[in-house]
Amino acid sequence: MLQNRDMKETAKSIEQVVLELVRMIPKGRVTSYGAIAKAIGTPKSSRMVGWILGHSVEIGTYPAHRVVNRSGLLSGRHHFRPPERMEQLLTSEGVLVKDNKVVDFETLFWDPMQEV
DNA sequence: AGCTTGACTTTGA
DNA sequence: GTCAAAGCCAAGC
């Protein structure tokens with residue numbers, strides 16, 4: 001049936017969509033796991049976004065440092081090598097990081113659904 | 001098959 | 001505003 005085929009295609013591309021969204025995040029802007037999860041249609045599995053970033057492909061293929069948690073906290077910095085890399089990358093792009101948190105997070109926040 | 005863990009979010013106190 | 005608990009889905013053991 002066509003439904004089966006559609007579901008299959010949808011299911012297989014989840015991590016691909018996540019990576020694509022992360023890649024299209026503008027420089028100097030940040031977003032949250034929940035926003036990405038919502039954009040791909042699975043707002044409940046916001047954890048999966050982070051899980052995908054860590055286990056899908058190697059860090060460096062996409063700007064994962066632009067993805068932070070809802071509070072603007074760099075919760076995933078410990079998964080970078082070295083962990084300080086995330087903060088350093090953000091700072092290099094003009095995003096100020098203070099105490100592992102993004103300064104003016106709400107201002108720099110980039111919503112994939114709102115912009116696209 | 002079941003339990004624990006995790007780059008999270010939301011809700012209630 | 002912070003803190004604790006519940007919900008959520010997938011991977012690892």
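Because the structure is a prediction, the values reported are computed rather than measured. Chain naming here is simple, since letters A, B, ... match the order of the sequence lines and numbering starts at 1 in each.
A:I52 has its CD1 atom 13 Å from the C1' atom of B:dG6, to the nearest Å. Remark: C1' of B:dG6 and CG of A:L53 are 13 Å apart, rounded to the nearest angstrom. Distance, A:W51 CH2 to C:dC9 P: 15 Å, rounded to whole Å. Separating the CD1 atom of A:I36 from the P atom of B:dA7 is a distance of 16 Å, rounded to the nearest angstrom. Rounding to whole angstrom units, CD of residue A:E15 and P of C:dC9 are separated by 18 Å. With rounding to whole Å, A:N69 atom CG is found 21 Å from C:dC8 atom P. When the P atom of B:dA7 is taken as reference, atom CG of A:L90 falls 18 Å away, rounded to whole Å. Regarding A:H78, its NE2 atom lies at a distance of 9 Å from the P atom of B:dA7, rounded to whole Å.
Listed nucleotides: B:dA7, C:dC9, B:dT9. Nearest to the side chain of A:S32: B:dT9.
Counting heavy atoms from C-beta outward, A:F109 and A:T31 have side chains that approach closer than 4.5 Å. Within the 4.5 Å cutoff, the side chain of A:V102 has heavy atoms near those of the A:V95 side chain.
Comparing A:G76 and A:R70 against DNA chain B, the residue whose closest nucleotide sits nearer the 5' end is A:G76.
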- Message: Wobble G-U and Watson-Crick pairs count when both distances are under 3.5 Å; given that, what is the 5' to 3' dot-bracket string of DNA chain B, with | for pairing to other strands?
- Response: .|||||.||||||

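In this structure, the separation between CZ on A:R23 and OG1 on A:T61 is 7.0 Å, given to the nearest 0.5 Å. To the nearest 0.5 Å, atom CG of residue A:L21 and atom CD1 of residue A:I40 are 7.5 Å apart.
Summarising the geometry of A:S32 relative to A:V67, their closest heavy-atom pair is C-CG1, 4.3 Å, with the distance given to 0.1 Å.
Of the listed residues (A:R77, A:H79, A:H78), just one forms a side-chain contact (heavy atoms from CB on, under 4.5 Å) with A:M86, and that residue is A:R77.
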